[in-house]
Protein chains: 2
Amino acid sequence: MTRTPIGSVRSTSAMAKGRVTLSREDVVVAAGRLLDETGIDGLSMRSLARTLGTGPATLYWHVRDRDELLAAVLDDTLSAVEVPADGGWQECLLTLSERMRAALLPRPALVTVLWGASWRLGPTTLRLADETIALVAASGLPDDEVADAYLALIWFVLGFVHAESQAEANAGFAAHEPPGSYPHLSRFNPSTDPAAMHRRFTGGLRHLLAGIAEQAGQHRTEGLRP
Amino acid sequence: MTRTPIGSVRSTSAMAKGRVTLSREDVVVAAGRLLDETGIDGLSMRSLARTLGTGPATLYWHVRDRDELLAAVLDDTLSAVEVPADGGWQECLLTLSERMRAALLPRPALVTVLWGASWRLGPTTLRLADETIALVAASGLPDDEVADAYLALIWFVLGFVHAESQAEANAGFAAHEPPGSYPHLSRFNPSTDPAAMHRRFTGGLRHLLAGIAEQAGQHRTEGLRP
DNA sequence: ACCTGAACACCGTTCAAGT
DNA sequence: ACCTGAACACCGTTCAAGT
């Protein structure tokens with residue numbers, strides 16, 4: 001893909017990578033890789049620069065700041081998610097949600113980027129949000145309820161992936177507390193093996209979708225349109 | 001409340017505050033105040049130590065690390081939330097959720113502490129979670145669905161408060177994008193004035209609770225118990 | 001256009017030593 | 001029991017200067 005004109009290489013480490021000049025995409029891809037290897041705390045501007053064989057200042061040519069970098073990694077990660085084209089809106093939203101879950105599960109730190117959406121999001125992420133809203137709107141829900149139904153849906157997806165990614169981190173909970181101090185918390189502690197997680201995910205989603213469908217149905221039979 | 005024996009004061013700044021020695025509570029209260037004044041980024045171990053007239057090392061006597069400090073501030077903040085005692089489980093969950101919203105809205109950064117629950121939580125927070133689960137269980141939902149219904153509920157509450165707290169930060173969204181690039185995102189952009197937010201909050205919750213009730217009802221009529 | 005070195009203004013945490 | 005100073009090992013970001 002990238003040609004390597006031999007005369008004009010800048011740094012030995014850049015040469016080792018077969019690069020002449022850094023592109024924004026190089027930076028984002030390297031950031032994703034570093035995220036996978038070291039987690040979100042290991043992904044600093046300085047450590048990323050180190051893996052690219054430069055100083056941190058260089059990165060700021062390609063990216064406004066760390067938040068924009070993270071949003072770009074998120075955007076890159078979500079580009080794997082295709083919006084299903086045919087089927088009813090419920091089916092579509094279900095498989096779309098499963099694809100989002102699959103895309104985010106290997107990089108759960110990005111859930112927090114999406115959650116704290118004050119961070120400026122990339123075009124892929126925004127397009128995905130836009131099309132998801134369109135599917136929710138296709139339920140026939142009244143306009144002023146579409147946004148909240150959409151939000152309940154993505155919060156469920158994000159919350160679920162987030163919880164799933166730290167299932168084992170939280171597993172030791174019961175061990176740290178004197179038994180019986182939080183009876184319900186421990187009684188209803190659900191199974192976290194992968195198969196159960198998938199069942200719980202789709203089960204929860206189905207309930208949400210059924211709720212939306214029912215609400216939309218009520219609206220249809222109530223309202224008399226010209 | 002705190003007596004001030006005059007002979008044994010340590011630092012002039014501690015004296016000014018009328019303290020002899022620092023208690024964990026002093027630290028947590030000061031952290032809450034600093035959070036209110038400067039936001040989560042302004043609340044560092046060093047800045048907190050500065051407002052208390054000591055060095056950062058001192059804080060580590062009272063608190064294991066920054067995460068525990070934040071969990072303690074959350075715990076303190078949630079201690080204002082009372083779990084309603086009488087009424088049906090739906091009513092109870094509704095007013096409980098409104099109280100959580102009211103408690104968290106002035107300190108939205110704590111939503112993220114609760115969300116990223118890998119952080120060890122305090123006793124008040126855990127007791128609150130436990131009693132909330134108990135209320136969900138009172139719906140009659142089958143045991144293996146209680147946890148997920150509970151999660152859908154708190155994710156909605158947390159997501160909502162989070163979104164609400166940055167409503168104005170996100171308000172400028174439409175302005176930054178070329179018009180028409182994300183048609184549904186802008187079309188279903190709901191109102192964010194306080195009254196509308198409250199309506200949307202309770203509306204969304206009612207839908208979730210109705211869904212739980214219906215699911216529980218189905219379970220009751222299906223199952224034949226001895 | 002793209003990169004660099006050096007600096008600014010911070011962080012969280014540890015630890016031996018003090019009272 | 002509680003606090004301190006000093007250090008370790010980092011951060012994100014800016015900016016004038018280089019090619």
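FYI, side chains are in, hydrogens and waters are out, and symmetry mates aren't considered; it's all heavy atoms of this structure.
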- Message: Quick check: closest heavy atoms across A:Pro123 and A:Asp75, and the distance to 0.1 Å?
- Response: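 Where A:Pro123 meets A:Asp75 most closely, the heavy atoms are CD-OD2, 3.3 Å.
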
- Task: Rounded to the nearest angstrom, tell me the gap between atom CD in A:Glu25 and atom P in C:dC2.
- Result: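 Going from CD in A:Glu25 over to P in C:dC2 covers 14 Å.
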
- Just one of B:Arg200, B:His198, B:Arg101 clears the side-chain contact (heavy atoms from CB on, under 4.5 Å) bar with B:Glu164, so which one?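 Result: among B:Arg200, B:His198, B:Arg101, B:Arg101 is the only option passing the side-chain contact (heavy atoms from CB on, under 4.5 Å) with B:Glu164.
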
- Item | Pairing partner (Watson-Crick or G-U wobble, both distances under 3.5 angstrom) of C:dA1 |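 The base-pairing partner of C:dA1, which may sit in any strand shown, is D:dT19.
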
- Task: Counting Watson-Crick and G-U wobble pairs only, both distances under 3.5 Å, name the nucleotide matched with D:dG12, or none.
- Result: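 Paired with D:dG12, as far as the under-3.5 Å criterion goes, is C:dC8.
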
- Task: Would you mind reporting whether B:Leu69 and B:Leu59 have side-chain heavy atoms less than 4.5 Å apart?
- Result: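 The answer is no, as the side chains (C-beta and beyond) never meet within the 4.5 Å cut-off.
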
- Item | Side chain B:His162, main chain A:Trp115, donor-acceptor under 3.5 Å |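 Pair found, side chain donor or acceptor close to backbone of A:Trp115.
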
- Distance between the P atoms of D:dA9 and C:dA9, in whole angstroms?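 That atom pair is separated by 24 Å.
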
- Task: Determine the interplanar angle of the A:Phe156 and A:Phe201 rings, folded into 0 to 90°, and report it as parallel if under 30°, tilted if 30 to 60°, perpendicular if over 60°.
- Result: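 It falls in the parallel class, under 30°.
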
- Apply salt bridge (charged side-chain N to carboxylate O under 4.0 Å, His left out) to A:Arg120 and A:Asp65, showing your working. CA-CA 11 Å; A:Arg120 303 163 295 276; A:Asp65 54 21; 3.1 Å; yes

- Query: How does protein contact run along nucleotides 5-15 of chain C, one letter per nucleotide 5' to 3', with B for base contact, S for sugar-phosphate only, - for none, heavy atoms under 4.0 Å?
  - Reply: B-B---BBBBB

- Item | D:dC3 OP1/OP2 closer than 4.0 Å to side-chain N/O of B:Trp61 |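 So the side chain of B:Trp61 is outside the cut-off, no N or O lying under 4.0 Å from OP1 or OP2 of D:dC3.
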
- Task: Give a yes/no answer on whether the side chain of B:His62 brings an N or O atom under 4.0 Å of OP1 or OP2 in D:dA1.
- Result: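 Answer is no, no contact under 4.0 Å.
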
